[in-house]
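Because the structure is predicted, anything quoted here is derived from the model rather than measured.
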Amino acid sequence: EHALTPLSNAYRIKSPVKHNTELEKQYYAGPLILSHPTKFLDAFFIPHIRDKAMMKSILSSEAVAQSSALFVHADVKGASMNDLIKSRNGLST
């Protein structure tokens, strides 16, 4: 499970389709929580990965090359974080 799974389970979106009765209303999970590299709607999402070799392998994959957008959650060495702290670990730019 992901730390955000409870949010996904708790937050629902009502179907935009009008229904005849109250019983026909459908609800869908609100946020989409991705715990593994995933292609969704022609965009590729990479969750937080600390292993540089694994990140390199994913970024060089055919699925990433054929995606129209790439979203990556990564630690970047030298990046500014909370409380004016600079990241000392992570990927180099």
Side-chain angles (χ1 to χ4, degrees):
E1 274 197 3
H2 191 280
L4 296 175
T5 299
L7 179 63
S8 178
N9 293 336
Y11 182 69
R12 300 284 179 202
I13 297 173
K14 192 180 346 178
S15 170
V17 178
K18 291 191 176 193
H19 299 280
N20 295 329
T21 69
E22 210 46 46
L23 294 175
E24 291 179 343
K25 287 185 180 175
Q26 291 187 356
Y27 290 85
Y28 301 96
L32 181 61
I33 308 299
L34 303 172
S35 299
H36 305 283
T38 304
K39 188 167 183 178
F40 179 71
L41 297 178
D42 205 32
F44 201 86
F45 295 82
I46 303 174
H48 188 253
I49 296 174
R50 293 182 193 268
D51 185 335
K52 293 178 187 179
M54 182 182 287
M55 179 68 80
K56 187 174 182 177
S57 172
I58 293 167
L59 290 173
S60 62
S61 72
E62 190 66 28
V64 168
Q66 293 178 356
S67 299
S68 62
L70 179 63
F71 296 91
V72 179
H73 179 183
D75 287 334
V76 176
K77 195 173 193 174
S80 296
M81 301 187 303
N82 294 335
D83 296 327
L84 303 175
I85 297 171
K86 295 274 185 184
S87 174
R88 291 183 285 159
N89 300 313
L91 306 172
S92 298
T93 56

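Residues meeting the ring pair (Phe, Tyr, Trp, His ring centres under 6.0 Å) test with H36, sequence neighbours left out: none. Applying the ring pair (Phe, Tyr, Trp, His ring centres under 6.0 Å) test to F44 and every residue at least two apart in sequence or in another chain returns nothing. Take I85 and apply the side chain to side chain contact (heavy atoms under 4.5 Å, CB included) test, not counting sequence neighbours, and it matches M81, D83. Shown here are the ring pair (Phe, Tyr, Trp, His ring centres under 6.0 Å) partners of F40, two or more places apart in sequence or in another chain: there are none. Scanning for salt bridge (charged side-chain N to carboxylate O under 4.0 Å, His left out) contacts around K39 gives D42, with sequence neighbours left out.
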Show me the donor-acceptor pairs within less than 3.5 Å that the side chains of residues 59-67 make with the rest of the protein, sequence neighbours left out.
from, atom 1, to, atom 2, distance (Å)
S60, OG, K56, O, 3.0
S60, OG, S57, O, 3.1
S61, OG, I58, O, 2.8
S61, OG, V64, N, 3.3
E62, OE2, Q66, NE2, 2.8
S67, OG, A63, O, 2.7

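Minimum interatomic distance between P47 and P37 (heavy atoms only, all atoms of both residues): CD-N, 3.6 Å.
The stretch residues 55-85 participates, sequence neighbours left out, in these ring-ring contact (aromatic ring centres under 6.0 Å, His included) pairs: F45-F71, H48-H73.
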